[in-house]
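Comments concern the structure below.
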There are 4 protein chains.
Amino acid sequence: MTRRTPLLLQIAPGDPRPINRQIVDGVRRLIASGELPVGAALPSVRGLAQQLTVNPNTVAKAYSELSAEGWLDARAGLGLFVAPPRQRLSKAEVERRLEEAVQRFVGDVIALDVPADRVLERVADELAQLAPKRSA
Amino acid sequence: MTRRTPLLLQIAPGDPRPINRQIVDGVRRLIASGELPVGAALPSVRGLAQQLTVNPNTVAKAYSELSAEGWLDARAGLGLFVAPPRQRLSKAEVERRLEEAVQRFVGDVIALDVPADRVLERVADELAQLAPKRSA
Amino acid sequence: MTRRTPLLLQIAPGDPRPINRQIVDGVRRLIASGELPVGAALPSVRGLAQQLTVNPNTVAKAYSELSAEGWLDARAGLGLFVAPPRQRLSKAEVERRLEEAVQRFVGDVIALDVPADRVLERVADELAQLAPKRSA
Amino acid sequence: MTRRTPLLLQIAPGDPRPINRQIVDGVRRLIASGELPVGAALPSVRGLAQQLTVNPNTVAKAYSELSAEGWLDARAGLGLFVAPPRQRLSKAEVERRLEEAVQRFVGDVIALDVPADRVLERVADELAQLAPKRSA
DNA sequence: GTGGTCTAGACCACG
DNA sequence: GTGGTCTAGACCACT
């Protein structure tokens, strides 16, 4: 059980986010959307590195971040697995980070002269697409 | 009406954004909200740097970015002025950047396990607060 | 203000903890004990690396972990600073981690055939020595 | 009284400790609590490996560690048996290890902002629960 | 100068 | 085979 699945994860060269960030976001999304269920095994560090043609250290760093954030559990010699969901951050910390993300996002978007409705619509679409099977 | 006004701009040491980003965002916001009308003169690089107690290079870089984005026009020997509104980016480019910002934002927010409604509400608030009297 | 102080931090070659862990623990301790007050600047990555004669990447990793945990704020081009205290983790997560640490500690110590009183005494000493000027 | 008893030992997949560590801790605990009396035979490497569905190498390594620490004695051709109590480590070595464990534990716990009383209480509970009928 | 990211290649413990 | 750590050296954005 929990066979390793060829992860549907891609690195976009044009994406301004650093590679390690793209991996973290991608995996988080797969977990949040339920595509990677609790207990599922992730591709090995070396395996994913090869698949994405990036350095293994880069993948390792991303995985390690995800573990620190509580999304993954690492077992030396066995591999990495999707961790059971848990409320990691205090309400205050969640609030702080949400505020930060919103500030940054609006700062980015305001420069584009896009009507507020369209922005909200796009965000709503993207959030809906996650089909939050996991988040509370 | 091109008098140099003491810019209502502040640098927050606690703000996680780099200083140059704070300046760019701040000026863009002042323009978008109409507080800096078309044709208004901006403080000199040295002046603003002194006012904010930051490195002049940082201010220069921020101004240069704002000019490149079409928010400011340089008049040789006179300084920088708020440029008349125009389509500063191609529609495709706007789409690309919007997409990017949304992806990043959702990537950040997904980690927080916040209900989509609350996220949208916060974004809407923040967008509204900018009172885009100028942007279309 | 916030002059960089030659950090009272040492790497013990005999210590079984990896170097990066020793740095993280050491800095956390200095912050928790109040020896590094809020806003204090930390030695630069390269500087500390030289002082400890370890690779800068190792220090960078430790610092990055401390930032992720909310103990430090990093400002590119400026350096790292002790962050204002905040309740980062949910009560449940704190409980989980405390449980884990206790389990591990007792597992280590039970093998030593040391009377429980002595163990508790040593832990109490060590905790008291932190003079919790910062923790709530 | 040297009959092989079906060992009351379990491997928890969720446990963050590596498997070999879980075995070592488990056996030590059984000996310390007297559930495995002096002279008792331990399950064979293959037997325990099968029972726990882990790699025999892992069990062998755990047993070898326990022997090195003086908890088990090997009788050639017969298997492993619980060794009579003795001073397994020099006093200095015990002190060193205790010190190390305390340092690490406090380093972990300091990050959690938990009152010292609660920490001590939890440690005392856990130590008491081991009911050291055997250790001095 | 600062921190952040990436690559390359090595060694270790675990299974 | 697995993940984790460390070193070495490079490039980037920011100040």
Side-chain angles (χ1 to χ4, degrees), chain A residues 4 11 16-24 41-49 52-68 72-81, chain B residues 11 16-24 49 52-62 65, chain C residues 4 11 16-24 41-49 52-68 72-81, chain D residues 11 16-24 49 52-62 65:
Chain A
R4 300 199 174 248
I11 297 307
R17 288 175 301 176
I19 298 177
N20 106 42
R21 199 41 161 67
Q22 292 185 48
I23 298 175
V24 170
L42 275 84
S44 75
V45 169
R46 292 162 177 87
L48 185 57
L52 303 179
T53 57
V54 301
N55 189 291
N57 283 339
T58 305
V59 176
K61 190 180 177 190
Y63 275 179
S64 137
E65 230 170 283
L66 287 161
S67 299
L72 301 181
D73 284 334
R75 320 281 324 267
L78 292 179
L80 289 145
F81 304 86
Chain B
I11 297 305
R17 290 175 300 176
I19 295 177
N20 91 45
R21 195 37 157 75
Q22 292 185 49
I23 298 174
V24 169
L52 303 178
T53 58
V54 301
N55 191 308
N57 289 336
T58 306
V59 176
K61 193 167 180 185
E65 204 174 311
Chain C
R4 300 197 175 250
I11 296 308
R17 288 174 301 176
I19 298 177
N20 103 42
R21 197 46 160 68
Q22 292 185 50
I23 298 175
V24 170
L42 275 85
S44 74
V45 169
R46 292 162 177 86
L48 185 56
L52 303 178
T53 57
V54 301
N55 189 292
N57 284 338
T58 305
V59 176
K61 190 180 176 190
Y63 275 179
S64 138
E65 229 170 285
L66 286 162
S67 299
L72 301 180
D73 284 334
R75 318 284 322 268
L78 292 179
L80 290 144
F81 304 85
Chain D
I11 297 306
R17 289 174 301 176
I19 295 176
N20 89 45
R21 199 31 159 80
Q22 292 186 49
I23 298 175
V24 170
L52 303 177
T53 59
V54 302
N55 191 307
N57 289 336
T58 306
V59 175
K61 195 167 179 184
E65 202 174 313

If you find the nucleotide of DNA chain E closest to C/Arg75 and the one closest to A/Thr53, which residue's nucleotide is nearer the 5' end?
C/Arg75

With rounding to the nearest 0.5 Å, note down the distance linking CD in B/Gln22 to OG1 in B/Thr58.
11.0 Å

Rounded to whole Å, CG of A/Leu80 lies from P of F/dG1 at a distance of 17 Å

Measuring from the side chain of C/Asn57 (C-beta onward, heavy atoms only), which nucleotide among E/dC6, E/dG3, E/dA8 has the closest atom?
E/dC6

Side-chain heavy atoms of B/Asn20 within contact of B/Val54, under 4.5 Å
no

Closer than 3.5 angstrom, by distance alone: can the side chain of A/Arg75 be matched with the main-chain N or O of D/Arg17 as a donor-acceptor pair?
yes

So, do C/Ile23 and C/Val59 sit near enough that their side-chain heavy atoms are less than 4.5 Å apart?
yes

Rounded to whole Å, CG of C/Leu48 lies from P of E/dG4 at a distance of 14 Å

In Watson-Crick or G-U wobble terms, both distances under 3.5 Å, what is the partner of F/dT7?
E/dA8

Roughly, in whole Å, what's the span from CD1 in C/Ile23 to C1' in F/dC6?
11 Å

CD of C/Glu65 versus P of E/dG3: gap in Å, rounded?
17 Å

Taking the side chain as everything from C-beta on, heavy atoms only, tell me whether A/Pro43 gets closer than 4.5 Å to A/Tyr63.
yes

Are C/Leu52 and C/Ile19 packed together at the side-chain level, in the sense that at least one heavy-atom pair is separated by less than 4.5 angstrom?
no

Classify A/Asn20 by what it touches in the nucleic acid, base, sugar-phosphate, or nothing, heavy-atom distance under 4.0 Å.
sugar-phosphate

For A/Arg21 and F/dA13, what is the distance between atoms CZ and P respectively, to the nearest whole Å?
18 Å

Base, sugar-phosphate or nothing for C/Arg46? Non-hydrogen atoms, less than 4.0 Å.
base

Checking contacts here: which listed nucleotide (E/dT5, E/dT2, F/dT5) is nearest the side-chain heavy atoms of C/Ser44?
E/dT2

Is A/Thr58 near enough to E/dT5 that one of its side-chain N or O atoms lies under 4.0 angstrom from OP1 or OP2?
no

Using whole Å, report how far CD1 of C/Ile19 lies from P of F/dG4.
18 Å

Starting at atom CZ of B/Arg17, determine the distance to atom C1' of F/dT15, rounded to an integer number of angstrom.
17 Å

Nearest-nucleotide check on DNA chain F, A/Ser67 vs C/Ala76; residue mapping nearer the 5' end is A/Ser67

Measure from the side chain of C/Asn55, starting at C-beta and using heavy atoms only, and say which of E/dG3, F/dA8, E/dT7 lies closest.
F/dA8

In terms of side-chain heavy atoms of A/Leu78, which of F/dT7, E/dG15, F/dT15 is nearest?
E/dG15

Base paired to E/dT2 (Watson-Crick or G-U; both N/O distances under 3.5 angstrom)
F/dA13

Taking atom P of F/dT2 as reference, at what distance in whole Å does atom CG of A/Asp73 sit?
19 Å

Distance check: side-chain N/O of B/Lys61 vs OP1/OP2 of F/dT15, anything under 4.0 Å?
no

What nucleotide, of E/dG3, E/dC6, F/dT7, holds the atom closest to the side chain of A/Pro18?
E/dC6

